[in-house]
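Since we're looking at a predicted model, the values are computed, not measured. Ligands are counted one by one from 1 in listed order, and the atoms in each one are counted from 1 as well.
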Amino acid sequence: MDFQQTKTLYDNHILPTYARQEVCFVRGEGSYLYDAEGRKYLDFSSGLGAVSIGHAHPQWVKAVAEQAGTLAHTSNLYYTEPGGLLAQRLCELSGLDKVFFSNSGAEANEGLIKAARKYSEDKYGKGRHTIVTLNRSFHGRTHTTLAATGQEVFHQHFQPLTPGFVHTDANDIGALKALGDGICAVLLEPVQGEGGVYPLDEDYVKAVAGLCSERDWLLLFDEVQTGVGRCGRWFGYQLFGVLPDGMSFAKGIAGGFPLGGFILGEKLCGTLTAGMHGSTYGGNPLACAAALAVLDVLSGVAGDVERKGQLLRDGLSGFEVRGRGLMVAVAAGGDPKACIPKLLERGLVALTAGSDAVRLLPPLTVSGAELEEGLRILREVLS
Ligand SMILES: *Cc1c(COP(=O)(O)O)cnc(C)c1O
């Protein structure tokens, strides 16, 4: 099929909830994508950060193919090896205690929020259930994670949302201190992603952690975009030298296979018991085998992410640049949406962030030469 034929199928049969770019990708290899006409593109979007080890990585392909030919799914009513092995790895990497697997980031946050509310009800009774999130945050598209998302624009049209969320400004510890009773948890993105790639200040995160332990508020991180090596650490909170009570992950974990989940620390890991939470697909052997391959590949790459991120930021000196590791935003000097087709035309796939920036999430396996190639196109379009 050519591009127009595919586009017609979408126009006729798919809900118009996305403003798609005028391209149909048919194949990927490493940091590159290929369209229906055979054109090659450098992919600095990684499928919104999910394709963390690049497209069709041989180790990933082998692991997924072997697992698909062995056992793909059983449901969570039984034990399977990949789930156990992946959970063990994630506990080691995170310093936390117990994992729950879901399929997406929003679902992961839903579970984290349930665990927080249950903890507070067990200990303090009903009513102490409010969760603080930040203005400009993004936590997902379900009703509860929309309520958690501190951006009014996402709240329109879908009222009533789940009650029990308040939002304060990032890096404003005074605003957090001033909040009254009824709080059970604070949920933070270490770097605000969709909101514009704004990293939190280390002093702020440390102060939040202090306030949380003082008031027995749970410290939770949404690591859906920042986690699994993206920011130059296995998880973003490790940039700040704090250990949360729980955190969610998704995007980069399984290299493009749908998988998410949350990990709870000592304080929370006894709160959810049999029958309280579940997911039919969550952590099935196929998804977990994909994730194990991703972690194997990343163990040889993760140490390089900070250096590569620096290379990317240095190459954009002269522009306003934000971010940590290979999660970078560069001010577009106008509506960033207009830049995306121009970059695409020159063979670079990029994203927007917030209302002012082009967002770059290259595969963590990207090479120095590929970063230079992307930088050339970026500088051409942005200046
Ligand atoms: C993408 C994202 C989500 C939502 O993840 P889905 O898999 O789309 O549900 C939640 N939180 C953050 C920080 C994200 O970047």
Looking just at side-chain N and O atoms, do [X] and [Y] make a donor-acceptor pair shorter than 3.5 Å?
| X | Y | result |
| --- | --- | --- |
| Q151 | E194 | no |
| S120 | R128 | yes |
| T142 | E110 | yes |
| E370 | S31 | yes |

Please work out whether any backbone atom (N, CA, C, O) or any side-chain heavy atom from C-beta onward of [X] is under 4.0 Å from ligand 1, and answer side chain, backbone, both or neither.
| X | value |
| --- | --- |
| R141 | neither |
| A250 | neither |
| E189 | side chain |
| N109 | side chain |

Cation-aromatic face contact K40/Y34, 6.0 Å, 45 degrees: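 Verdict for Y34: no cation-pi partner in K40.
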
Per-atom contacts, ligand 1 versus [X] - under 4.0 Å to a heavy atom:
| X | answer |
| --- | --- |
| D222 | 10 (C), 11 (N), 12 (C), 13 (C) |
| Q225 | 15 (O) |
| K251 | 1 (C), 2 (C), 3 (C), 14 (C), 15 (O) |
| S104 | 7 (O), 9 (O) |

Do the non-hydrogen side-chain atoms of L188 and D222 ever get within less than 4.5 Å of each other?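 No. Closest side-chain heavy atoms not under 4.5 Å.
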
Nitrogen or oxygen atoms of [X] and ligand 1 under 3.5 Å apart:
| X | answer |
| --- | --- |
| A106 | yes |
| E107 | no |
| V224 | no |

Applying the side-chain contact (heavy atoms from CB on, under 4.5 Å) test to L112, which of I263, T145, L220 qualifies?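 Option passing the side-chain contact (heavy atoms from CB on, under 4.5 Å) with L112: L220.
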
Share the residues that join F158 in a hydrophobic cluster, the rule being Ile, Leu, Val, Met, Phe, Trp or Tyr side chains under 4.5 Å apart at the heavy-atom level.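 Grouped by the 4.5 Å side-chain rule, F138, L146, V153, F154, L161 form the rest of the cluster around F158.
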
Please report which non-hydrogen protein atom sits nearest to atom 7 (O) of ligand 1, along with the residue it belongs to and the distance in Å to one decimal place.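 Atom 7 (O) of ligand 1 sits closest to the protein heavy atom G105 N, 2.8 Å.
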
